[in-house]
Chemist: 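What follows is a structure written as structure tokens; I'll ask about it next.
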Amino acid sequence: MALIVREHFNDDVEFGVWEITEDYENLRSRLLLDERDIETVESFKNYQRKLEWLSVRTLLKEMLGKDSKIVYGPERKPYLHNNLYNISISHSKNLTSILMSKKKRVGLDLEYMDNKILRIADKFLRPEELENIDKTNEIYHLYLHWCAKEALYKICDKVDINFVNNLNIESFKPKENGLIIGRVNNSYMNERFTMNYFSLKNYAIVWCYK
């Protein structure tokens, strides 16, 4: 088993993280896939992409106790085919995560951290956000901002959102875990969100529900 995090919140929200330690055949053997699923996963040329696709469904099965089909809307937002749960999915390198709720909107992002983010920080942060980055913990702080904005992007259905113009992260000092306050301001809403974050095995993880 590779389920390394599983948490429940407010009797309705569930969060899980899966560490991919299995190979393709092992993950595939855990799932009941129909012909279309098999065609989809075998169409991926990248082996890691195959593992990600299978691990998402393996984690979902572990959380729900049964196989469930994921479908995607026009903006590539994932849904369960029966619409019983709102879900948000993220994967990076060897971790896969899912946040789901029957009643609440959800948004989630995790990222493996390396110094590549230093080259693109000004592409997703406002000038005032850049000024508030903790230089003693710069890479982690930048990834928390990126993950927070991705989580907001997902919880707001990925519609009419520019990371610089429409998403704002309030100043915070990065810790091992804590809270981030963010705001979405676009043609559809002006809304404030409280997000949770933590670090795990050189990954930054941010999630929220509302």
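Note that the numbering runs from 1 along the sequence shown for the chain. Bear in mind the structure is a predicted one, so any value in this text is a computation, not a measurement. These numbers come from the heavy atoms of this one structure, side chains and all, not from hydrogens, waters or symmetry mates.
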Chemist: Within the structure provided, determine whether N10 and Y209 are in side-chain contact (heavy-atom separation under 4.5 Å).
Modeler: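 In short, these two side chains touch, coming nearer than 4.5 Å.
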
Chemist: Taking atom OG of S171 and atom CD1 of I181, what is their separation to the nearest 0.5 Å?
Modeler: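 S171 OG to I181 CD1: 12.0 Å, rounded to 0.5 Å.
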
Chemist: Any side-chain heavy atom of E176 within less than 4.5 Å of one from F198?
Modeler: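 No, side chains not in contact.
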
Chemist: Just checking F9 against W207, ring centres under 6.0 Å apart?
Modeler: yes

Chemist: Is L99 reachable from Y85 through a run of I, L, V, M, F, W or Y residues, each pair having side-chain heavy atoms under 4.5 Å apart?
Modeler: no

Chemist: For atom CG of D11, decide whether the heavy atoms of other residues, nucleotides or ligands shown that lie under 6.0 angstrom number more than 12.
Modeler: no

Chemist: Kindly give the cluster partners of L179, where membership spreads through any ILVMFWY side chain lying under 4.5 Å from a current member.
Modeler: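 L179 shares its hydrophobic cluster with no other residue.
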
Chemist: If you measure from CG on D67 to OG1 on T58, what distance do you get to the nearest 0.5 Å?
Modeler: 8.5 Å

Chemist: Begin with the C-alpha distance, continue with both residues' side-chain angles, and end with the deciding distance and a verdict on side-chain contact (heavy atoms from CB on, under 4.5 Å) for L108 and I155.
Modeler: CA-CA 8 Å; L108 161 71; I155 201 172; over 6 Å; no

Chemist: Check this for me: does any side-chain nitrogen of one of E52 and R57 sit under 4.0 Å from a carboxylate oxygen of the other?
Modeler: no

Chemist: For residues I38 and R28, determine if any side-chain heavy atom of one lies less than 4.5 Å from a side-chain heavy atom of the other.
Modeler: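 The answer is yes, as the side chains (C-beta and beyond) meet within the 4.5 Å cut-off.
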
Chemist: Run the side-chain contact (heavy atoms from CB on, under 4.5 Å) check on L95 and I4 step by step: do they pass?
Modeler: CA-CA 9 Å; L95 292 189; I4 59 174; 3.8 Å; yes

Chemist: Taking F44's backbone N and O only, do any of them form a donor-acceptor pair with K50's side chain (distance below 3.5 Å, no angle check)?
Modeler: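 Yes; judged by distance alone, with no hydrogens or angles, the pair exists.
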
Chemist: Does R6 use its side chain to pair, donor to acceptor, with the backbone of M63 at less than 3.5 Å?
Modeler: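 Answer holds: yes.
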
Chemist: Hey, does Y24 have a side-chain heavy atom less than 4.5 Å from the side chain of L51?
Modeler: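 Touching, per the 4.5 Å side-chain cut-off.
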
Chemist: Can a side-chain donor-acceptor contact be found between Y153 and N166 if the only test is distance below 3.5 angstrom?
Modeler: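 No, because no side-chain N or O of N166 sits under 3.5 Å from a partner of the opposite role on Y153.
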
Chemist: Is it true that a side-chain atom of R49 and a backbone atom of K45 form a donor plus acceptor pair closer than 3.5 Å?
Modeler: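 The answer is no, because no donor-acceptor pair under 3.5 Å joins these two groups.
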
Chemist: Check the surroundings of atom OH in Y188: do more than 12 heavy atoms from other residues, nucleotides or ligands lie under 6.0 Å from it?
Modeler: no

Chemist: Nearest 0.5 Å please: distance from the CG atom of N202 over to the CD atom of E111.
Modeler: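 With rounding to 0.5 Å, CG (N202) is 12.0 Å from CD (E111).
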
Chemist: For R30, does its backbone N or O pair with a side-chain atom of K61 as donor and acceptor, under 3.5 Å?
Modeler: yes

Chemist: Is a side-chain N or O of D12 found less than 3.5 angstrom from the main chain of S101, in a donor-acceptor match?
Modeler: no

Chemist: When you check the gap from the basic side-chain N to the acidic O, do K77 and D157 get nearer than 4.0 Å?
Modeler: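 Result for this pair is yes, salt bridge flagged.
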
Chemist: Less than 4.5 Å apart, side chain to side chain, heavy atoms only: is that true for D109 and W146?
Modeler: yes

Chemist: Hydrophobic cluster membership, with links at side-chain heavy-atom distances under 4.5 Å among I/L/V/M/F/W/Y: are I161 and V106 in one?
Modeler: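 In one cluster with I161: V106, no.
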
Chemist: Are the side chains of D114 and I139 in contact, using a 4.5 Å heavy-atom criterion?
Modeler: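 Contact flag for I139/D114 side chains = no.
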
Chemist: Ignoring hydrogens and geometry, is there a side-chain-to-backbone donor-acceptor pair from T21 to A2 under 3.5 Å?
Modeler: no

Chemist: Check whether N86 reaches the backbone of K104 with its side chain - one donor and one acceptor, N or O, closer than 3.5 Å.
Modeler: yes

Chemist: Can you tell me how far CG of L31 sits from CG of D37, rounded to the nearest 0.5 angstrom?
Modeler: 8.5 Å

Chemist: Consider only side-chain heavy atoms of I, L, V, M, F, W and Y, link residues closer than 4.5 Å, and tell whether I117 and I180 are in one cluster.
Modeler: yes

Chemist: In Å and rounded to the nearest 0.5 Å, what is the SG to CG distance from C156 to N186?
Modeler: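 Result: 7.0 Å between the selected atoms.
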
Chemist: In this structure, would V17 and V206 fall into the same cluster of hydrophobic residues linked by side-chain contacts under 4.5 Å?
Modeler: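 Different clusters.
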
Chemist: Side-chain contact, heavy-atom cut-off 4.5 Å: I70 with I89?
Modeler: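 Yes - at least one pair of side-chain heavy atoms lies under 4.5 Å apart.
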
Chemist: Please determine whether side-chain contact (heavy atoms from CB on, under 4.5 Å) holds for the pair L125 and V164, giving the CA-CA distance in whole Å, both sets of side-chain angles, and the decisive distance to 0.1 Å.
Modeler: CA-CA 6 Å; L125 292 181; V164 175; over 6 Å; no

Chemist: Do I120 and L144 belong to the same hydrophobic cluster, where Ile, Leu, Val, Met, Phe, Trp and Tyr are linked whenever their side-chain heavy atoms lie under 4.5 Å apart, directly or via other members?
Modeler: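 Looking at the clustering, L144 is in the same group as I120.
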
Chemist: Output the distance between atom OG (S92) and atom OH (Y143), rounded to the nearest 0.5 Å.
Modeler: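 If we round to the nearest 0.5 Å, S92:OG and Y143:OH are 7.5 Å apart.
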
Chemist: Is the Lys NZ or Arg CZ of K93 less than 6.0 Å from the centre of Y112's six-membered ring, within 45° of the axis?
Modeler: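 Yes.
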
Chemist: Can you list every pair that meets side-chain hydrogen bond (donor to acceptor under 3.5 Å, both in side chains) and has a residue in residues 189-201, with sequence neighbours left out?
Modeler: E19-K201, R105-E191, R183-N190, E191-K210

Chemist: What is the minimum heavy-atom distance between C147 and A204, and which atoms define it?
Modeler: SG-O, 3.5 Å

Chemist: Any side-chain heavy atom of L60 within less than 4.5 Å of one from L80?
Modeler: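 Yes. Closest side-chain heavy atoms under 4.5 Å.
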
Chemist: side-chain contact (heavy atoms from CB on, under 4.5 Å), that's the test. Do L33 and L54 meet it? Break it down for me.
Modeler: CA-CA 10 Å; L33 302 179; L54 291 169; 4.1 Å; yes

Chemist: What residue pairs, at least two apart or across chains, pass salt bridge (charged side-chain N to carboxylate O under 4.0 Å, His left out) with a residue in residues 126-147?
Modeler: R126-E128, E129-K149, K135-E138

Chemist: If every non-hydrogen atom of M195 is compared with every non-hydrogen atom of C208, which pair is closest and at what distance?
Modeler: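 Answer, listing the atom of M195 first, then C208: CG-CB, 3.5 Å.
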
Chemist: Kindly assign one of parallel, tilted or perpendicular to the pair F172 and H141, based on the angle between their ring planes and the thresholds 30° and 60°.
Modeler: perpendicular

Chemist: Which pair of heavy atoms, one from S97 and one from L110, lies closest together, and at what distance?
Modeler: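 Shortest heavy-atom contact: OG-CD2, 2.9 Å.
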
Chemist: So for atom NZ, which belongs to K103, do other residues, nucleotides or ligands contribute more than 12 heavy atoms lying within a distance under 6.0 Å?
Modeler: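 Atom NZ in K103 is not crowded, with 12 or fewer foreign heavy atoms closer than 6.0 Å.
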
